[in-house]
Protein chains: 2
Amino acid sequence: MPTSKDVAQAAGVAQSTVSYVLSGKRPISEKTRKKVEAAIEQLTYQPNAGARALAGRRTHVIGLVIPFIPELEMGSIMEFVSVIASTARQFDHDILLITDDEGAAGLHRVVGQQICDGLILMQIEDEDERLPVARSLNVPVVLIGIPRDPSGLVCIDADFEMAGEHCVRDLAAAGHSVISVIDWQPAVTERHVNYVDRFMHGTDVAAQALGVTVLHLPGGTDRDTISESVDKALASTTGKPAFIAPDRTIQDILRRDLSSRGLTLGLDVSVIGSASPTLAELQPIPLSTIDLRPAEVSRQAVKIMCQLLEADSHGPHESLELVPTVITHRSSTLRPE
Amino acid sequence: MPTSKDVAQAAGVAQSTVSYVLSGKRPISEKTRKKVEAAIEQLTYQPNAGARALAGRRTHVIGLVIPFIPELEMGSIMEFVSVIASTARQFDHDILLITDDEGAAGLHRVVGQQICDGLILMQIEDEDERLPVARSLNVPVVLIGIPRDPSGLVCIDADFEMAGEHCVRDLAAAGHSVISVIDWQPAVTERHVNYVDRFMHGTDVAAQALGVTVLHLPGGTDRDTISESVDKALASTTGKPAFIAPDRTIQDILRRDLSSRGLTLGLDVSVIGSASPTLAELQPIPLSTIDLRPAEVSRQAVKIMCQLLEADSHGPHESLELVPTVITHRSSTLRPE
DNA sequence: CAGCATCGTCGATACGCATCGATGATTCCC
DNA sequence: GGGAATCATCGATGCGTATCGACGATGCTG
């Protein structure tokens, strides 16, 4: 592997000059720059990351802490991971994967060994054991999700409250006076991620404002739970029923349950679910969805991280950003009157 | 951050002694070791990764190249990623994420900058453009998947041929004389990953050996394609029909199609699909599955990589490992006679 | 044309660790 | 009990880059 010294020699300049050509931190004459660039090209020189980190005190690596095999929702997690990684590259950084089975020790490790310049944490719980660590580390930390006490932390998430509001508003506009919200599955609610509460709160706020009724019903991944919830919903509804099922697994089960009762989506009943546009279109009856913008949340998370890194701010920061959600009408909801 | 020099000072020894205590590459007296370990503990010393990489010419990082948002199968990819990351930790390595939108240039980059000691590539296609690069890099590369020409490469994958064979054998044993194999969805087959061919070949081999008939039918993510395939299958079957649907998306559609025709799984018709045990059990009729062992494939990939790294073998290697698949009977297949 | 600021480049040093050769301290054997 | 072999430790050096101070060259001002 060629070093910057080799490049310097080939270009007939000092090693430091090569460094300055690369960083642009000092003026270099056009002539010298050309010579150096030619030498770099010819030797296919690439700076050594270890040496750069050692001398420059910057690794250009961001640690991403991913949840430990939650067995469910792997697909949506992958979307975050994938977008985070490619966005990081746009900011000239790489992503190091840290699995959550290392726990808080993992955070201390990568920061202590200076493998990473900063950390992005996913799947933040209400009372997350990683929070005290996040606050005490002297590197920037960005949370995807919002804990109960976000003080001293930098958080970003989809605006679940807005999402809940939008769903109710739209269904109310379509003429529904009773709207049933199916909860996320137990595996999610047990994890005490508070986006569930935020979503529910949004539905309540909208309901109150519009004078419609919102029913909160239990979710589950078995048919029976959903079936019971649908029973309850139908029993308390006069007029055509409406459902909001933000959990992807549940919306599948719900749709099947409704059609087995002979109810046609978009005709006898409205359903708003959550899915990528592609998947939503693929359904026999294209699904109206609330898009929680995972890609945009991921991009913002990386962007915020890189801003913090640039600001070189070791002191604690605090901010909270909510990404607006988008509701899309397809065929599974009644048309507004 | 404390350095090994600080530790040495605190313990009253030379810096090199601290290094030897940590690496164990030279004998150290019990007494000295204790002193050094105490100092490390007290200062919460952690070696600087950059310096270590620079001096030791080893980063302890493995690059993982993940496919670029294929929009489908994200869930299963995440399972690979997750297991690879935690297995790597067991071998004292970390995982750096490289998204495939960087293409071959990304490989050159991470190797050239010496960010990684080796690379694991996923989702290998028959004629993958990354193969020439993989062969020419002077770091170990492990492929998950098998290209058309695996010469000079280290490959690992599930034994799809065995999987195909097993499925047919089991259905034949259950009394089926005509067995329909539904192809993967076009999004997969268009990618020219050859596990599809290997699986199909396995089914043919078993069919020939057992004297049963195997029908290969097109797959798709829309109802109509599957429905047509089922029509064809039923038309050519005397006795009870049997289906093999290794594509996860397709098996869902297939199951629904069959029940809409009034056929009960495990009673009127056999279906073998592919799913994690958890998901398979969750179905209304628990699904008999062929397990393609993604976790085991991931573990092996990391293990092989670490062996190559240990052997310090820069020269090209060549090997091919197939992980045995496991077939599990649940209720969606007829019982053997 | 002397004096001074500006520009472009160089040499030296630091970053933190691994490793090699050397050196003193022990132990062993005849 | 003296020389060889072994053991435990130290000091010095190198890994490749970033950065700082210094310095010669150039341009400008009065």
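Only a predicted model underlies this, so the values are computations on that prediction, with no experimental measurement involved. FYI, side chains are in, hydrogens and waters are out, and symmetry mates aren't considered; it's all heavy atoms of this structure. Chain letters run A, B, ... following the sequence lines, proteins first, then strands; residues in each count from 1.
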Looking only at N and O atoms, is any donor in the side chain of B:Glu30 or the base of D:dA8 less than 3.5 Å from an acceptor on the other one? no
Heavy-atom pair of closest approach, residues A:Leu292 and A:Ala158: O-CB, 3.3 Å
Length of the line joining A:Arg52:CZ and D:dT19:P, which is rounded to integer Å: 10 Å
Expressed as a whole number of angstroms, how long is the span from A:Gln9:CD to D:dT17:C1'? 17 Å
Please determine, for the side chain of A:Pro27, which listed nucleotide (C:dA22, C:dG8, D:dA12) has the closest atom? C:dG8
Verify the contact: side-chain N or O of B:Arg57 to OP1 or OP2 of C:dT19, cut-off strictly under 4.0 Å; return yes or no. no
Mind checking A:Val18 for me? I need base, sugar-phosphate or nothing, with any heavy atom below 4.0 Å counting as a touch. nothing
The side chain of B:Ser16 is closest to which nucleotide in this list: D:dT19, C:dG16, D:dC10? D:dC10
So which atom in B:Ala85 and which in A:Leu97 form the shortest heavy-atom distance, rounded to 0.1 Å? CB-CD2, 4.2 Å
Would you indicate, yes or no, if D:dT17 has its OP1 or OP2 atom less than 4.0 angstrom from a side-chain nitrogen or oxygen of A:Ser4? yes
Counting just side-chain N and O atoms, does B:Lys25 come under 4.0 Å of either OP1 or OP2 of C:dA18? no
On a heavy-atom basis, which atom in A:Pro140 and which in A:Met305 lie closest, and how many Å separate them? O-CE, 3.6 Å
Ignoring hydrogens and geometry beyond distance, is the side chain of A:Ser29 in donor-acceptor contact with the base of C:dG8 at under 3.5 Å? no
Any donor and acceptor pair, going by atom type alone, linking the side chain of A:Ser82 with main-chain N or O of A:Met78 inside 3.5 Å? no
Note: for B:Gly12 and A:Gln46 on DNA chain D, the residue whose nearest nucleotide lies more 5' is B:Gly12
Within a strict 4.5 Å, meaning less than it, do heavy atoms of the A:Ile98 and A:Glu102 side chains meet? yes
Spacing of A:Lys5 atom NZ relative to D:dT17 atom P, expressed in whole Å: 10 Å
Distance in angstrom units between A:Gln113 CD and C:dC17 P, rounded: 10 Å
Respond yes when some side-chain nitrogen or oxygen of A:Tyr20 is under 4.0 Å from OP1 or OP2 of D:dC20, and no when none is. no
Side-chain N or O of B:Thr3 less than 4.0 angstrom from OP1 or OP2 on C:dG16? no
Rounded to whole Å, the CG-C1' distance (A:Leu54 to C:dA14) equals 8 Å
Among the candidates C:dC10, D:dA18, C:dG16, find the nucleotide nearest to the side-chain atoms of A:Ala14. C:dC10
Quickly work out the B:Gln15 CD to D:dC10 C1' distance and round it to whole Å. 11 Å
Is any side-chain N or O of A:Thr17 closer than 4.0 Å to OP1 or OP2 of C:dC10? yes
Sugar-phosphate only, base, or nothing, as touched by A:Ile28 at under 4.0 Å among non-hydrogen atoms: sugar-phosphate
Interatomic spacing from CD1 in B:Ile304 to CD1 in B:Ile144 - rounded to 0.5 Å: 9.5 Å
Quick check: any donor-acceptor pair below 3.5 Å linking the side-chain of A:Arg26 to the base of D:dG21? yes
Atom CG of A:Asn48 to atom C1' of C:dG16: distance rounded to whole Å? 14 Å
Quickly work out the B:Ile115 CD1 to D:dT17 C1' distance and round it to whole Å. 15 Å
